[in-house]
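All ligand and atom numbering here is 1-based and tracks the order in the structure.
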Amino acid sequence: MNKGIFFVAIDLNRPLSEQGPFDVVLHKLSGKDWCANIENFRQKNPEVTVLDPPFAIEHLHNRQSMLQDVADLNLSDCHGKVGVPRQLVIKKDPSSIPYEVNKAGLKLPLVAKPLVLDGSAKSHELFLAYDQFSLAELEPPLVLQEFVNHGGILFKVYIVGEIIKVVRRFSLPNVSKRELEKVAGVFRFPRVSSSAASADDADLEPSVAEHPPQPLLENLARELRHRLGLRLFNIDMIREHGTRDVFYVIDINYFPGYGKMPDYEHIFTDFLLSLVQSKHKKRPAV
Ligand SMILES: Nc1ncnc2c1ncn2[C@@H]1O[C@H](COP(=O)(O)OP(=O)(O)OP(=O)(O)O)[C@@H](O)[C@H]1O
Ligand SMILES: O=P(O)(O)O[C@H]1[C@H](O)[C@@H](O)[C@H](OP(=O)(O)O)[C@@H](OP(=O)(O)O)[C@H]1O
Ligand SMILES: [Mg+2]
Ligand SMILES: [Mg+2]
């Protein structure tokens, strides 16, 4: 159905203010020049909705700042708990890692993730570390995050404005105590929970497969929308194995591939229309 929306590609070689007119600007770029271009445009065109502000997107380009808002939340109402795994940032010296891990009291195994996300494949190169000494082989800057057993299933929670859609993906299997005692080393692992790893139709144990409670997701999404100042993102969530309602957020992605979200055409176009309609409502009648 034609909803009267026209998508016009932005020409990056020309100032934004010379293009358009636009009702909404959608983007997933970063960098100084682009930020300056967008900021300049926002100031001159306050009536145009820019999704989303570059400084707010920037917050998700660092795996430490990305999870800070979740850590600050206190969502432990009757619908469950949401936290972030304990983690440590290693900025420089890899030889100090075993000592730092010990000092911080982090429990093995650990997931090692590049600190900065720049859209490159390398910033998604992750390692699972079974002992603290092998961690000295890794290249900082890194985040070392406690691995949380979650029955091999991850929930991708897509947010589009006020809409929430959850899909299930296969993830890393649990690591047993026995395996931890037997194995040493750091192992690179591939992108385990990409869209090819959908577990929506898999025959799973209900205690692992059950989606996080809707009221919990609504609270989490509302809080994060406000605190992050973003309207288009997804959250990777896992349920601690053996619990019903203890959840961890392990990753937040800005403007993920919405094509992989069920009903995305309707949800996305309705969202764009609602932005324009709410603007017209706010405008005083003449
Ligand atoms: N703390 C953790 N405990 C258990 N599993 C984890 C943890 N951190 C990451 N994983 C697993 O590793 C995968 C990739 O981690 P993460 O989502 O942080 O990386 P990413 O490169 O940002 O992924 P994306 O492609 O979603 O952007 C997760 O989907 C999950 O399967
Ligand atoms: O482009 P960067 O900033 O690296 O972000 C990626 C996310 O990290 C991934 O989660 C998205 O893939 P999935 O939607 O399959 O999880 C992935 O979706 P895409 O492959 O559709 O672009 C990206 O959004
Ligand atoms: Mg992820
Ligand atoms: Mg990510």
Side-chain angles (χ1 to χ4, degrees), residues 28 30 57-71 81-90 101 104 106-130 135 138 141-159 165-176 179-180 186-200 202 204 208-209 212 224 228 230 232-243 246-261:
K28 190 183 173 172
S30 50
I57 299 175
E58 205 57 49
H59 199 65
L60 298 189
H61 288 163
N62 176 302
R63 295 192 192 262
Q64 185 183 32
S65 55
M66 165 205 284
L67 297 184
Q68 195 51 54
D69 291 285
V70 184
K81 284 191 191 143
V82 187
V84 297
R86 289 204 301 156
Q87 63 177 36
L88 175 68
V89 175
I90 304 289
V101 165
L106 287 191
K107 269 185 28 210
L108 294 156
L110 296 174
V111 187
K113 310 184 183 186
L115 177 64
V116 178
L117 283 155
D118 55 8
S120 67
K122 196 154 169 58
S123 62
H124 295 285
E125 238 174 48
L126 272 50
F127 294 81
L128 192 59
Y130 285 81
L135 284 163
L138 296 174
L142 288 171
V143 163
L144 299 176
Q145 195 176 77
E146 284 189 348
F147 178 85
V148 178
N149 278 343
H150 54 282
I153 290 293
L154 171 133
F155 301 99
K156 259 199 196 273
V157 183
Y158 287 93
I159 317 275
K165 279 268 170 182
V166 185
V167 300
R168 236 179 347 239
R169 302 253 175 103
F170 285 108
S171 170
L172 292 176
N174 290 348
V175 176
S176 68
E179 187 182 342
L180 189 59
V186 289
F187 302 92
R188 192 176 142 194
F189 62 89
R191 294 190 79 160
V192 275
S193 17
S194 61
S195 53
S198 170
D200 282 332
L204 301 164
V208 170
L224 287 184
L228 296 170
L230 297 172
L232 299 171
F233 57 101
N234 73 9
I235 306 167
D236 286 352
M237 249 176 116
I238 52 179
R239 173 189 282 112
E240 184 166 16
H241 193 66
T243 75
V246 180
F247 296 94
Y248 289 88
V249 171
I250 54 169
D251 185 26
I252 307 179
N253 301 299
Y254 184 64
F255 210 143
Y258 282 111
K260 301 162 206 164
M261 178 181 85

Assign the ring pair Tyr130 / Phe187 to parallel, tilted or perpendicular, where the plane angle (0 to 90°) is split at 30° and 60°.
perpendicular
Numbered in order shown, the ligand 1 atoms found under 4.0 Å of a heavy atom of Lys113 are 8 (N), 9 (C), 16 (P), 18 (O)
Hey, which atoms in ligand 1 end up nearer than 4.0 Å to a heavy atom of Leu154?
28 (C), 29 (O), 30 (C)
Considering only N, O or S atoms, which atom of Asp236 is nearest to the Mg ion (ligand 3)?
OD2
From Leu60 atom CG to Asn253 atom CG, the distance as rounded to the nearest 0.5 Å:
8.0 Å
Taken in chain and number order and not counting sequence neighbours, the residues that satisfy side-chain contact (heavy atoms from CB on, under 4.5 Å) with Val246 are Glu240, Thr243, Tyr248
Atoms of ligand 1 under 4.0 Å from any heavy atom of His150, numbered from 1 in the order shown, are 4 (C), 5 (N)
Using a 4.0 Å cut-off to any heavy atom of Ser171, which atoms of ligand 1 qualify?
30 (C), 31 (O)
Identify, by atom number and element, the atoms of ligand 1 in contact range of Arg63, meaning under 4.0 Å from any of its heavy atoms.
18 (O), 19 (O), 20 (P), 21 (O), 22 (O)
Which part of Glu125 is near ligand 1, with near meaning a heavy atom under 4.0 Å away: side chain, backbone, both or neither?
neither
From Ser194, Pro109, Pro114, Ser193 - option closest to atom 28 (C) of ligand 1 by heavy atom
Ser193
Could you tell me if any non-hydrogen atom of Gln87 lies under 4.0 Å from any atom of ligand 1?
no
Any idea which atoms of ligand 1 are less than 4.0 Å away from a heavy-atom of Asp236?
17 (O), 26 (O)
Minimum distance, heavy atoms only, to atom 25 (O) of ligand 1: which one of Arg169, Met66, Arg191, Gln145 is it?
Arg191
With a cut-off of 2.8 Å, does any N, O or S atom of Asp251 fall short of it relative to the Mg ion (ligand 4)?
yes
Within a distance under 4.0 Å of any heavy atom of Phe189, pick out the atoms of ligand 1 and give their elements.
12 (O)
Between His124 and ligand 1, which part of the residue brings a heavy atom under 4.0 Å of the ligand: side chain, backbone, both or neither?
both
Distance filter under 4.0 Å to Ile250 heavy atoms, resulting ligand 1 atoms:
1 (N), 2 (C), 6 (C), 7 (C), 8 (N), 9 (C), 10 (N), 18 (O), 28 (C), 30 (C)
Who gets closest to atom 3 (N) of ligand 1 by heavy atom: Val111, Val148, Leu144?
Val148
Residue part near ligand 1, for Leu126, under 4.0 Å between non-hydrogen atoms
side chain
